[in-house]
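Have a look at the structure below, then the notes.
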Amino acid sequence: MPNNNENAPVDFIRAIVNEDIRSGKYKPEEIRTRFPPEPNGYLHIGHAKAICIDFGIAAEYGGKCYLRMDDTNPGKEDIEYVQAIEEDVRWLGFTWDGPTRYASDYFQQMYDYAVDMIKLGLAYVDEQSAEEIRQSRGSLTEPGQPSPWRDRSIEESLDLFERMRQGEFPNGSKVLRAKIDMNSPNVHMRDPVMYRILHMEHHRTGDQWCVYPMYDWAHGLEDSIEGITHSFCTLEFEIHRPLYEWFLEPLPVHKPRQIEFSRLNLTYTVMSKRKLLRLVEEGKVNGWDDPRMPTLCGLRRRGYTPESIRDFVQRLGITKFTGITEVEMLENCLREDLNINADRYMAVLDPLKVTITNYPERQVEWLEALNNPEKPELGSRKIPFSREIYIDRDDFREVPPRKYHRLSPGAEVRLRWAYFLTCHDVKHDEQGNVCELLCTYDPETRGGAAPDGRRVKGTIHWVEAGHAVSAEVRLYDRLFVCENPDDCEEGLDYMSNLNPDSLTLLKDCKLEPALLELPPESRVQFERVGYFCSDRHDHIPDKKAVYNRTVALRDSWAKIEKKHN
RNA sequence: UGCCCGAUGGUGUAAUGGUAGCACAACUGGUUCUGGUUCAGUUUGUCUUGGUUCGAAUCCAGGUCGGGCAGCCA
């Protein structure tokens, strides 16, 4: 379900829709929007903003939102993307009205309207080459030159256009052009191409067509045919709006209104399909759903919740200002959601063995641990405890720095949900590295509370050795080292700003047993460490545990330590 | 040196002629069986110059800065 944004401020788009309702132009339930992706790539978080706006606004008014594949270029599009897009939209939590629609379903109508445009003297068949058209379009500061075919008769254009469709001419030999104004300061108005010849199989219409409509001609008609009332798109289409309106104006059709908003930019992220594609092709990431990718399938695999993404988009707001949003805001939405909803478990990422010398050998007891302290009503589980456990290497220091609250020789800490523990001896390997701790526990502190009221400064997590599940854990970090990956030295590009440490593979982590049983895509908190998600593809319940780090917990100790160095 | 669009703390935004507010980030401190969460608090802002007005972030004019546009891509 979409977010409930009744309390959200009214942005300029909603203000326009409100006004159209107030003035009586539309009734609330008549509001129609659409999300119109081209099926030539995967959806990313930038699309999520558009999706939330398109679907969200329609839902708020009781209107409808359609999902429409803008498949007017058979050379780039593929059925594979259609399915991926549908899945991503559904995953984000939205349901489109009716079946998925396709621009290609309207090819015949578009063709008929194009014939009408020729009859109205508003379009003509041009026989110049692509290069000639480019040359004669002029420049940003110079006007264009009219095509020698611009003033040919309506009859001739009609005949030629029909024969273009029949397949009489090769690719690139002719185009249908709108007759607008070669002197327009807006270059898109300098007789834009409406149809090009493409002898090419289309993923839906097969070889039925060999002329395909261009975006500007097609898109407004698609909106019009579907009865779209408000057609939302990003800012780069702003300059196309006069064309959008010019094409619809002379035709006896419904006139939607195009409204542009700024696209989403995120720090430490690239968003263009081209740039993402290169990351995939050059093997910098492992596919489109690599958890470091800003694609929806990547975020999903990383462990992001649809709710947190919707919440994020709502908090973003909608404006026409091109800025860059800090990725911390997204992460905050995620943590807020997961803090409430993710069950807690214990996991030791970098194991250090601890032997509890005063604990009976071969004894195992099962201690109770809350599943989620934020929601005690969710109950508890039993976790094993014995003489041998693992703790995280980072939770022990032979020489503790100032303000260090964890384990060190002679110090007492609490083992989460278990006992107080005191370190008495440290074993080293030949290289001098700490390899085992000899500790004692206080049997009176079972469950973690001291009957005598004494306090410990630190609580650390642990996993019992005998029942521990060995697991692979993937620690993901930001993909780029700087806020704007495109900021780089002369001659270099964003690839030079890739973070070499964006993935750390941990092969021998120790997890509490329950983590092996969870199904793929389970979102949990490893206590004191971060939020993790069992991998969609590689985690196999009861056989193989593979967890991805979604986002680390905030770490104020790391800040203190950094400050003191 | 064309046209279109934009400019409010570090970031994203609200205020539609009347007290510049919210969220994120940062920083202090309290609470805490997660150095998590939470709570209390602090720092930081209307691009600029004029004009209109009792009063301007808001309206007008000039400037500055930023984004977009010359595919038979979308």
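Numbered from 1 within each chain, the chains take letters A, B, ... in sequence-line order.
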Report task. Indicate, yes or no, whether a donor-acceptor pair under 3.5 Å links the base of G10(B) to the side chain of Glu326(A). Result -> yes
Could you run down the sub-3.5 Å N/O contacts of the protein with nucleotides 14-23 of chain B?
residue : atom : partner   : partner atom : Å
A23(B)  : O2'  : Arg315(A) : NH1          : 3.4

Requested in this report: Using a cut-off of strictly less than 4.0 Å between a heavy atom of the residue and any atom of RNA chain B, enumerate the qualifying residues of residues 125-139 of chain A by number.
Outcome: Gln128(A), Ser129(A), Ala130(A), Ile133(A), Arg134(A), Arg137(A), Ser139(A)
Query raised in the report: If you measure from the P atom in U11(B) to the same atom in U48(B), how many Å do you get, rounded?
Result: 15 Å
Query raised in the report: Is the count of non-hydrogen atoms from other residues, nucleotides or ligands lying under 6.0 Å from Lys403(A) atom NZ greater than 12?
Result: no
Query raised in the report: Rounded to whole angstrom units, what separation is found between the NZ atom of Lys562(A) and the C1' atom of A26(B)?
Result: 13 Å
Report task. Tell me whether the guanidinium CZ or amine NZ of Arg381(A) lies under 6.0 angstrom from the six-membered ring centre of Tyr345(A) and within 45° of its axis. Result -> yes
Query raised in the report: Of all residues at least two apart in sequence or in a different chain, which pass the side chain to side chain donor-acceptor pair (under 3.5 Å) check with Ser173(A)?
Result: none
Query raised in the report: Which part of the nucleic acid, if any, lies within contact of Glu38(A), taking any heavy atom under 4.0 Å across all strands shown: a base, the sugar-phosphate backbone alone, or nothing?
Result: sugar-phosphate
Query - salt_bridge(Asp191(A), Arg137(A)) N-O dist < 4.0 Å - result: no
Report summary line: Rounded to whole Å, the CD1-P distance (Ile13(A) to U13(B)) equals 12 Å
Query raised in the report: If you measure from the Lys or Arg side-chain nitrogens to the Asp or Glu carboxylate oxygens, is any gap between Asp343(A) and Arg523(A) under 4.0 Å?
Result: no
Report task. For Lys49(A) and Ser262(A), run side chain to side chain contact (heavy atoms under 4.5 Å, CB included): C-alpha distance rounded to whole Å, both residues' side-chain angles, the deciding distance at 0.1 Å, then the answer. Result -> CA-CA 10 Å; Lys49(A) 176 178 180 181; Ser262(A) 62; 3.8 Å; yes
Report task. For Ser184(A), answer base if it contacts any base atom (sugar-phosphate contacts may also be present), sugar-phosphate if it contacts only those atoms, and nothing otherwise; contact means non-hydrogen atoms under 4.0 Å. Result -> nothing
Query - Heavy-atom side-chain proximity of Glu86(A) to Val82(A) below 4.5 angstrom - result: yes
Report summary line: Closest of A74(B), G35(B), G2(B) to the Tyr215(A) side chain is A74(B)
Report task. Validate the cation-pi geometry between Arg204(A) and Tyr102(A): distance from NZ or CZ to the six-membered ring centre under 6.0 Å, angle to the ring axis within 45°. Result -> yes
Query - Interatomic distance where CD belongs to Gln258(A) and C1' belongs to C5(B) [whole Å] - result: 13 Å
Report task. Output yes when Glu226(A) and Arg34(A) qualify as a salt bridge under the 4.0 Å nitrogen-oxygen rule, no when they do not. Result -> no
Requested in this report: Report yes if at least one side-chain N or O of Lys273(A) is closer than 4.0 Å to OP1 or OP2 of C73(B); otherwise report no.
Outcome: no
Requested in this report: Mark yes or no for a side-chain to base donor-acceptor pair under 3.5 Å between Glu328(A) and U11(B), with no hydrogen or angle criteria applied.
Outcome: no
Requested in this report: Can you tell me the distance, in whole Å, between the CG atom of Asn484(A) and the C1' atom of U11(B)?
Outcome: 14 Å
Report task. May I ask you to say what Lys49(A) touches in the nucleic acid, namely base, sugar-phosphate or nothing, with a heavy-atom cut-off under 4.0 Å? Result -> nothing
Report task. Fit a plane to each ring of Phe385(A) and Tyr419(A), take the angle between them on a 0 to 90° scale, and name the class: parallel (under 30°), tilted (30 to 60°) or perpendicular (over 60°). Result -> tilted
Report summary line: chi for G51(B) classified (syn = within 90 degrees of 0, anti otherwise) as anti
Requested in this report: Give a yes/no verdict on base stacking between A74(B) and His219(A): centres under 5.5 Å, planes within less than 30° of parallel.
Outcome: no
Report task. Measure from the side chain of Arg554(A), starting at C-beta and using heavy atoms only, and say which of G36(B), G35(B), A7(B) lies closest. Result -> G36(B)
Requested in this report: Assign Tyr345(A) to base, sugar-phosphate, or nothing according to its heavy-atom contacts below 4.0 angstrom with the strands shown.
Outcome: nothing
Query raised in the report: Out of G35(B), U34(B), G6(B), which has the shortest distance to the side chain of Glu527(A)?
Result: U34(B)
Query raised in the report: Across the strands shown, which category fits Arg416(A) at heavy-atom distances under 4.0 angstrom: base, sugar-phosphate, nothing?
Result: base
Report task. Anything below 3.5 Å on both distances counts as a pair; with that, list the stems of at least three consecutive Watson-Crick or G-U pairs involving RNA chain B. Result -> B:2-7 with B:64-69, B:10-13 with B:21-24, B:26-30 with B:38-42, B:47-51 with B:59-63
Report summary line: By nearest-nucleotide position on RNA chain B, the 5'-leaning member of Leu415(A) and Pro213(A) is Leu415(A)
Report task. Report which part of the nucleic acid Gln525(A) touches: base, sugar-phosphate, or nothing (heavy-atom distance under 4.0 Å, all strands). Result -> base
Query raised in the report: Within a strict 4.5 Å, meaning less than it, do heavy atoms of the Leu421(A) and Ile356(A) side chains meet?
Result: yes
Requested in this report: Drop me the distance from Glu464(A)'s CD to Trp462(A)'s CH2, to the nearest 0.5 angstrom.
Outcome: 7.5 Å
Query - Interatomic distance where CG belongs to Leu334(A) and P belongs to C24(B) [whole Å] - result: 15 Å
Report task. Identify whether any heavy atom of Ala218(A) sits under 4.0 Å from a base atom; if not, whether one sits that close to sugar-phosphate; answer base, sugar-phosphate or nothing. Result -> nothing
Report task. Take Val193(A) and Trp217(A) through the side chain to side chain contact (heavy atoms under 4.5 Å, CB included) test and state the conclusion after the steps. Result -> CA-CA 8 Å; Val193(A) 173; Trp217(A) 168 243; over 6 Å; no
Query raised in the report: Taking the six-membered ring for Trp, are Tyr111(A) and Tyr195(A) parallel (under 30°), tilted (30 to 60°) or perpendicular (over 60°)?
Result: perpendicular
Requested in this report: Determine: side-chain N/O of Lys320(A) to OP1/OP2 of A7(B), distance under 4.0 Å, yes or no.
Outcome: no
Query raised in the report: What string of B, S and - do you get for nucleotides 64-69 of chain B, 5' to 3', when a contact is any protein heavy atom under 4.0 Å?
Result: ---SBB
Query - Separation between CG of Leu367(A) and OG of Ser380(A), rounded to the nearest 0.5 Å - result: 11.0 Å
Query raised in the report: Which distance, rounded to the nearest 0.5 Å, do you find between the NZ of Lys320(A) and the CD1 of Ile13(A)?
Result: 9.0 Å
Query raised in the report: Just checking Lys403(A): base, sugar-phosphate only, or nothing, at a heavy-atom cut-off of under 4.0 Å?
Result: base
Query - Residue met sooner reading RNA chain B from 5', once Ile324(A) and Ile560(A) are mapped to nucleotides - result: Ile324(A)
Query - Nearest-angstrom distance, C1' atom, U64(B) to U49(B) - result: 10 Å
**Report entry** Nearest to side-chain heavy atoms of Asn339(A), which nucleotide of C73(B), U37(B), C27(B)
**Finding:** U37(B)
**Report entry** Which residues share a side chain to side chain donor-acceptor pair (under 3.5 Å) with Gln166(A), sequence neighbours left out
**Finding:** Glu162(A)
Query raised in the report: Rounded to whole angstrom units, what separation is found between the CZ atom of Phe321(A) and the P atom of U46(B)?
Result: 15 Å
Report task. Provide, to the nearest angstrom, the distance between the CG atom belonging to Asn171(A) and the P atom belonging to C73(B). Result -> 11 Å
Report task. Could you tell me the separation between the CH2 atom of Trp557(A) and the C1' atom of U34(B), rounded to a whole number of Å? Result -> 16 Å
